[in-house]
Novice: 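Structure provided below as structure tokens; questions to follow.
Side chains included, hydrogens not; waters and symmetry mates left out as well; all remaining heavy atoms used. Both ligands and their constituent atoms are indexed starting at 1 by order of listing.
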Amino acid sequence: MGKVYVFDHPLIQHKLSYIRDINTGTKEFRELVDEVATLMAFEITRDLQTEEIEIQTPVTKTKTKVLSGKKMAIVPILRAGLGMVDGMLKLIPAAKVAHIGLYRDPETLQPVEYYAKFPADIEEREFIIVDPMLATGGSAIEAMNSLKKRGAKNIRFMCLIAAPEGVKAIQEAHPEIDIYIAALDEKLNDHGYIVPGLGDAGDRLFGTK
Ligand code: URA
């Protein structure tokens, strides 16, 4: 079963409190999401592989470590996932950025892919799907299906706030995928919002209604 990691670093929790606050305006909300994405990128990359190389410092030769593992790709789910990309790229600047756009079919209520663009070397990359909110899990699961269908072998999912319903849905649909979150909230309400949550992440990021 995929693991669920809660990044309870004090800086992440502090900034998340202001992200949740209704009195935080668009500019500050965007900046805070960007900062938390950077901090989460630091945590999620803890287990990257390294290899030893020999270098020459101004003083002596020495053995040091550099990254050696799979190349990474960030996959924002449009549109709210876009708010987390730049923050992550600050720490993983060589990562490719794939995109997945999904809409909810009004009749079936199922997510349908309307846009998808991935790097060519999809089988070799390590993918991190990002979306600030994991609510029912429908979009995240569809994004995972989409990546797997095209040959992706290494996928993780990262969000700011998750509902238990969404975590369970991913674990059932994609039991091997690890989930990285800043907070696990109480539940979904009747309108599909996470409680206590932060409202609509896309609207708060982009200043729309
Ligand atoms: N998407 C959001 O933006 N907010 C929620 O609470 C749930 C889904």
Novice: Would a distance-only check, ignoring hydrogens and angles, find a side-chain to backbone donor-acceptor pair under 3.5 Å from Asp105 to Gln110?
Specialist: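 Answer holds: no.
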
Novice: Would the distance check show the side chain of Thr45 and the main-chain N or O of Leu48 forming a donor-acceptor pair, the cut-off being under 3.5 Å?
Specialist: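 Not at all, since once roles are kept as given, no pair shorter than 3.5 Å links the two residues.
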
Novice: Could you give me the CA-CA distance, side-chain angles and deciding distance for Glu43 and Arg156, then say whether salt bridge (Lys or Arg N to Asp or Glu O under 4.0 Å) is met?
Specialist: CA-CA 13 Å; Glu43 297 282 6; Arg156 311 193 210 188; over 6 Å; no

Novice: For Ser146 and Glu142, indicate whether the former's side chain and the latter's backbone hold a donor-acceptor pair under 3.5 Å.
Specialist: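 It does not hold such a pair.
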
Novice: Do you see a donor-acceptor pair shorter than 3.5 Å between the side chains of Thr136 and Arg104?
Specialist: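 Their side chains do not contain a donor-acceptor pair, so the 3.5 Å distance test is not met.
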
Novice: What residues, two or more places apart in sequence or in another chain, satisfy side-chain contact (heavy atoms from CB on, under 4.5 Å) together with Gln13?
Specialist: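 Per chain and number, Gln13 pairs via side-chain contact (heavy atoms from CB on, under 4.5 Å) with Asp8, Leu16.
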
Novice: I'd like the atom pairs linking ligand 1 to the protein - N or O on both sides, separation under 3.5 Å - with distances to 0.1 Å.
Specialist:
from     : atom 1 : to     : atom 2 : distance (Å)
ligand 1 : 3 (O)  : Ala201 : N      : 2.8
ligand 1 : 4 (N)  : Gly199 : O      : 2.7
ligand 1 : 6 (O)  : Ile194 : N      : 2.8

